[in-house]
Amino acid sequence: REGELANHIDAIERKIQSLDRTLTELRSRLGRKSEQREAYGRDMDSTEEILRLKASGEIKGIIGKFSDLGKTNQEYSVALEVAAGARMKNIVVEDSDVARACVNHLKGRKMGRLTFLPLRDLRPFFDPDRFSSNLSREGAIDLAINLVEFQDEHRKAFEFVFSNTLIINDIDSSKHMDRQRMVTLD
């Protein structure tokens, strides 16, 4: 009888240790999620602050958030978001002086970080002729930049963000393509 109780107590203690490890892991995950949420909130606050500065005219030369500068058909929107990645949140400005003024403004208020795309200073790597053979291959749709409508004065920002990215129908289409950055519709 004593042996059974001792075994039962050992089993309960092992279960408690296992639950303690699980609890520690969950608390750690929760802490990381809270940090991520806080950082995201700071970034959103920073974006809102920069857009407020643009609207008020307090800092001249802020053009806007990259994702707000173009339009596309719904069928391409997810693929283009993937192609742009985190740059969707970048702030487009006229030049690096405007970017510095924005960064200093955010620093002075201890706000989150943003990435700025100074149009005058951007040096995009965009060479549509380099991969033109892929455009005629089965499954190719078009270069990402050609699937977005935007004002011509913002072209350098779109060339910088999308570069030579090709939008294709599906992953199987890539088998017949030369090496190039590609994003699928599916």
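Computed over heavy atoms, backbone and side chain alike; hydrogens, waters and symmetry mates excluded.
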| Is it true that a side-chain atom of Thr184 and a backbone atom of Asp186 form a donor plus acceptor pair closer than 3.5 Å? | yes
| message | Please check this pair: side chain of Asn7 against backbone of Asp10, looking for a donor-acceptor N/O pair closer than 3.5 Å. | response | no
| said: Determine whether Thr22 and Leu26 satisfy the following criterion, side-chain contact (heavy atoms from CB on, under 4.5 Å), listing intermediate values before the conclusion. | reply: CA-CA 6 Å; Thr22 301; Leu26 289 172; 4.0 Å; yes
| task | Indicate yes or no: at least one non-hydrogen side-chain atom of Thr24 is less than 4.5 angstrom from one of Arg21. | result | no
| field | Side chain Asn104, main chain Arg100, donor-acceptor under 3.5 Å | value | yes
| Going through the distances and angles, do Lys60 and Lys54 end up as a side-chain contact (heavy atoms from CB on, under 4.5 Å)? | CA-CA 7 Å; Lys60 305 274 189 237; Lys54 175 189 178 206; over 6 Å; no
| Counting distance only, does the side-chain N/O of Ser56 pair as donor-acceptor with the main-chain N or O of Leu53 below 3.5 Å? | yes
| said: So which atom in Leu122 and which in Ala157 form the shortest heavy-atom distance, rounded to 0.1 Å? | reply: CD1-CA, 3.8 Å
| field | Minimum-distance pair of heavy atoms, taken over all atoms of Arg120 and Asp95 | value | NH1-OD2, 2.7 Å
| What's the shortest heavy-atom distance between Leu106 and Gly112, and which atoms? | CD1-O, 3.9 Å
| query | Got Lys65 and Asn90 here, is their nearest side-chain heavy-atom distance under 4.5 Å? | reply | no
| Parallel, tilted or perpendicular: ring planes of Phe150 versus Phe158, cut at 30 and 60 degrees | parallel
| said: For Val148, is there any backbone N or O sitting under 3.5 Å from a side-chain donor or acceptor partner on Thr72? | reply: no
| message | Quick test of your reading of the model: are Arg155 and Glu159 salt-bridged, counting only N-O distances below 4.0 Å? | response | yes
| field | Side-chain donor/acceptor of Ser18 to backbone N/O of Arg14, under 3.5 Å | value | no
| Are any side-chain N or O atoms of Asn73 and backbone N or O atoms of Glu75, one a donor and one an acceptor, separated by less than 3.5 Å? | no
| said: With side-chain contact (heavy atoms from CB on, under 4.5 Å) as the criterion, how do Cys102 and Leu114 come out once you've worked through the C-alpha distance, each side chain's angles and the decisive distance to 0.1 Å? | reply: CA-CA 9 Å; Cys102 291; Leu114 291 176; over 6 Å; no
| Would you say Arg87's side chain and Thr115's backbone share a donor-acceptor pair under 3.5 angstrom? | no
| query | If every non-hydrogen atom of Phe116 is compared with every non-hydrogen atom of Ala99, which pair is closest and at what distance? | reply | CB-CB, 3.8 Å
| message | Apply side-chain contact (heavy atoms from CB on, under 4.5 Å) to residues Phe162 and Leu143 and explain how you reach the verdict. | response | CA-CA 8 Å; Phe162 291 123; Leu143 292 173; over 6 Å; no
| Could you state the interatomic distance from CE (Met88) to CG (Asp68), rounded to the nearest 0.5 Å? | 8.5 Å
| said: With no hydrogens and no angle check, just 3.5 Å: does a side-chain donor-acceptor pair link Ser96 and Asp121? | reply: yes
| message | If I compare all heavy atoms of Leu51 with all of Gly64, which pair ends up nearest, and what's the gap? | response | CD2-CA, 4.3 Å
| message | Regarding Arg52 and Glu58, does a basic nitrogen lie under 4.0 Å from an acidic carboxylate oxygen? | response | yes
| Nearest atoms (heavy-atom pairs only) where Ala79 meets Val183 | O-CG1, 3.4 Å
| said: Taking the side chain as everything from C-beta on, heavy atoms only, tell me whether Leu185 gets closer than 4.5 Å to Ile167. | reply: yes
| said: When you measure from the side chain of Arg181 to the backbone of Ala83, do you find a donor-acceptor pair of N or O atoms at a distance under 3.5 Å? | reply: yes
| Is any side-chain heavy atom of Leu69 less than 4.5 Å from a side-chain heavy atom of Ile63? | yes
| request: Any chance you could measure Ser28, atom OG, to Leu23, atom CG, to the nearest 0.5 Å? | output: 11.0 Å
| Donor-acceptor contact below 3.5 Å, side chain Lys156 vs main chain Leu119 | yes
| request: Please write out which residues are connected to Ile12 in a hydrophobic cluster, directly or through intermediates, given that two of Ile, Leu, Val, Met, Phe, Trp, Tyr count as joined at side-chain heavy-atom separations below 4.5 angstrom. | output: Ile16
| query | Roughly how far, to the nearest 0.5 Å, is NE2 of His105 from OG of Ser46? | reply | 9.5 Å
